[in-house]
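Note: hydrogens, waters and symmetry copies are ignored here, and every other heavy atom, side chains too, is used. All ligand and atom numbering here is 1-based and tracks the order in the structure.
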Amino acid sequence: MKSLMILMCLLSTSVLARTYTLTSTQGNLELNVSLEKGRVFYSLNKAGQVVLRKSLLGNQLRGIDLTNGLRIKDSKTYQNRSSWDMIWGEFATVKDHHDGLKLMLTNGRVDMNIDFRLYPDGLAFRYEFPKQKNLNNFEVIDESTEFKLKRNDEAWWIPAFSDNRYEYLYEKDVIANLNVVHTPLTVEKVNGPVVAFHEARLLDYTSYALKKTRPDTLKVDLYPWANTDTRVYGKTPLVSPWRTVQVAFNPAELVESTMILNLNDPARDDIDYSFLSTGKYVGVWWGMHLKKYTWGRSDRHGATNENVKKYIDFAAKHGLNGVLVEGWNIGWDGDWMANGDIFVFDQPYPHYDFAGLSKYAQDRNVTLIGHHETSASITNYENQLDRAYAYLNKHNVKAVKTGYVGTRLDKKEWHHGQYGVNHYTKAMKKGHDSKVMMVVHEPIKQTGLRRTYPTLVSAEGVRGQEYNAWGMPGNTPAHTTIVPFTRSLAGPVDFTAGAMDVLFDEWQPDSRVPTTIAKQLALYVVIYSPWQMLMDLPENYEARPDAMEFLKAVPTNWSKTVGLNSKIGEFATIARKDRNSENWYVGGITNENGRIVNIDLDFLEEGAWYTVKGYQDARGAHWVWNPHALEVYETRVQGGDDFDLYMAPGGGVALEFIKE
Ligand code: NOJ
């Protein structure tokens, strides 16, 4: 975090009025909690400005009201000042400074605690259902948590309870116009801070959406199990995930927030994680989306020995680290979206030499990346988990991409309910225990579990690049200027950037990628993932040695991340420092409007000289008319200067700052 001020906490308790105040001077935040007529309320301010007005807390368990009739049995405060090292990520070291207040509540028969924490970058709280005489197995049927804003505060939202999971274009609307929306939900308060609602450490619980219940109020709406109003089947002791409210003065600052990671448990320190790596990969993948190849067997089958060798050779030639191959295993023939039950995860098609190709890749310092598409048939996948991961281990495959295409898991359950959460957790633990890194598509939203299970390297959970291949309308030019301030707050995104031929008229004349290629390069800095895909066809990279130079150079593991001049939905600029050198990288992207954005270079070492290599839209570039015009230039700057970033309509710029 930018601020070096020491976090100080002040707690004042008035026993009579039953109000509690917790302040964090570093984040300039103030939390007030009160018990009024048996109900618990809280409110939050930042620097004297109202973030959340008095909002209700509590739960409804089946037959047990834990929202009304509560009294406080006890309270305690606590404090933490520590830091920890990220094995991989956007930062080398993360500060964990927080101040806590725990309220022990009872309705006279059943106890529930609420644990609040203030971090410099926001508020978190969770419910605890402790072990107790009168509560053993229980069902959560509703959570009363509210976030009371102002009706004209503006939110960047995607719809919840919809069949395409998290894969929607974000829209901006006032709170009063929302219906039920997913988190992370980012709200720009009128003349006030930027606030993002999400959750952390989602384990053995259901996830939540936010429902507008009054024109100024969003309420937690827990995903239910199928055919019941039960949201969570619990057994004491149980804790809910942390409900998180990240607060920043501006969007750029949100990008630097580490609260969600801090709320997750550390990775085990008795495991040697030196097998983990970060890197870049290509895949027999885009060809399927372009219909150049098929997943199932045909005369255009993508997963052939010859084709995969071509991809491995390409990766090896350019120092890339992995090759994803989709359509390699039994189950893809026919309508694979409907036939999830027939996928077999340790049996390649007879023509496909999995062992030989894996060896061919390893000999060239490349790993194959496995692919487990489940088509949302969870039972079929879980039945094979042991075999599936043993197969990857046997062939030294270091990473796997999993997929859950389908509107419901096992044809009935939401991806986002407790059933889904428990499945994703089981698979995540299997990957972890098998030392296989995982990139999850159609995932449960990320909630910082990568800290505890650092094999969980990336996830989709966004309307990614593939939507640009499927016929108009694809994504909008504005889409990726919103993602860093919404979806990315949850964790690494497998967006799959890197289109060099954004028109691909030979394959899909009705579709296109709605950007310039300079913007495609910038996305490697703007949207974080420790494993970044170069999603295009190898021949399209071979045709662009100018762009390839940047793609080869850009790191995927960082020691610092700094949000710069940004406006959600219009433009985003982010700087990141390489983990292994003194070099910095900057990505700038814009929506359909061209612009020049000025940034301060105060993230560079003050007074030091840097050679800048810029990859920007050439003059005259335009995402519609002239998307492939890239200009590569060199200049010099000094730390502390400011710098203009030129971006064409739908364009962007990628910069390398090499310390002299
Ligand atoms: C959807 C995934 O997002 C995509 O990347 C993959 O190619 C298909 N499913 C097939 O698994």
Side-chain angles (χ1 to χ4, degrees), residues 158 163-169 281-298 300-303 307-308 311 322-345 348-349 368-378 380-381 388 399-409 415 420 424 427 438-446 457-471 474-475 479 483 487 492-499 504 507-508 511 513 523 527 529 531-537:
I158 52 172
D163 286 345
N164 270 350
R165 304 162 301 271
Y166 307 108
E167 297 164 23
Y168 290 90
L169 291 174
Y281 71 102
V282 285
V284 182
W285 176 79
W286 186 234
M288 276 84 155
H289 293 273
L290 293 185
K291 300 199 170 72
K292 175 182 183 186
Y293 304 133
T294 57
W295 279 281
R297 282 176 294 185
S298 76
R300 288 180 293 128
H301 193 193
N307 200 25
V308 171
Y311 276 76
V323 174
L324 164 74
V325 184
E326 300 201 351
W328 67 277
N329 59 318
I330 303 284
W332 288 95
D333 295 347
D335 182 1
W336 60 265
M337 290 197 202
N339 287 340
D341 285 344
I342 62 171
F343 276 121
V344 184
F345 300 100
Y349 280 120
L368 281 189
I369 297 178
H371 185 229
H372 295 167
E373 173 57 65
T374 66
S375 292
S377 289
I378 298 315
N380 180 47
Y381 188 41
V400 67
K401 169 176 168 179
T402 58
Y404 297 87
V405 171
T407 55
R408 299 290 184 281
L409 299 178
H415 288 58
Y424 289 108
M438 295 175 76
V439 177
V440 187
H441 275 229
E442 300 80 36
I444 182 66
K445 60 187 167 186
Q446 299 302 285
V457 289
S458 192
E460 189 188 43
V462 74
R463 203 173 192 270
Q465 182 90 288
E466 63 199 23
Y467 275 78
N468 297 324
W470 299 342
N475 295 331
H479 183 51
V483 170
R487 161 65 184 88
V493 188
D494 193 40
F495 187 83
T496 67
F504 40 84
W507 306 110
Q508 291 290 322
S511 302
V513 170
L523 289 173
I527 297 185
S529 177
W531 275 87
Q532 291 275 17
M533 189 177 207
L534 271 63
M535 46 59 70
D536 211 335
L537 306 171

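- Every ring-ring contact (aromatic ring centres under 6.0 Å, His included) that His372 has, sequence neighbours left out, goes to Phe345, Tyr381, Tyr389.
- Near ligand 1, residues Trp285, His289, Trp295, Glu326, Trp332, Trp336, His371, Glu373, Lys401, Val405, His441, Glu442, Glu460, Glu466 each place a heavy atom inside the 4.0 Å sphere around the ligand atoms.
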Could you give the side-chain donor-acceptor pairs of residues 334-342 under 3.5 Å, partners two or more places apart or in another chain?
from, atom 1, to, atom 2, distance (Å)
Asp335, OD1, Met337, N, 3.4
Asn339, ND2, Asp335, O, 3.3
Asp341, OD1, Ser377, OG, 3.1

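- Scored by the salt bridge (Lys or Arg N to Asp or Glu O under 4.0 Å) test, Asp333 finds Arg297 as partners (sequence neighbours excluded).
- Aromatic rings from His415 and Tyr166 are positioned such that their centres are separated by 6.0 Å or more.
- Here Glu326 pairs with Lys401 in a salt bridge; the nearest charged N to carboxylate O distance falls below 4.0 Å.
- Salt bridge present: Arg408 and Asp163 bring a charged side-chain N and a carboxylate O closer than 4.0 Å.
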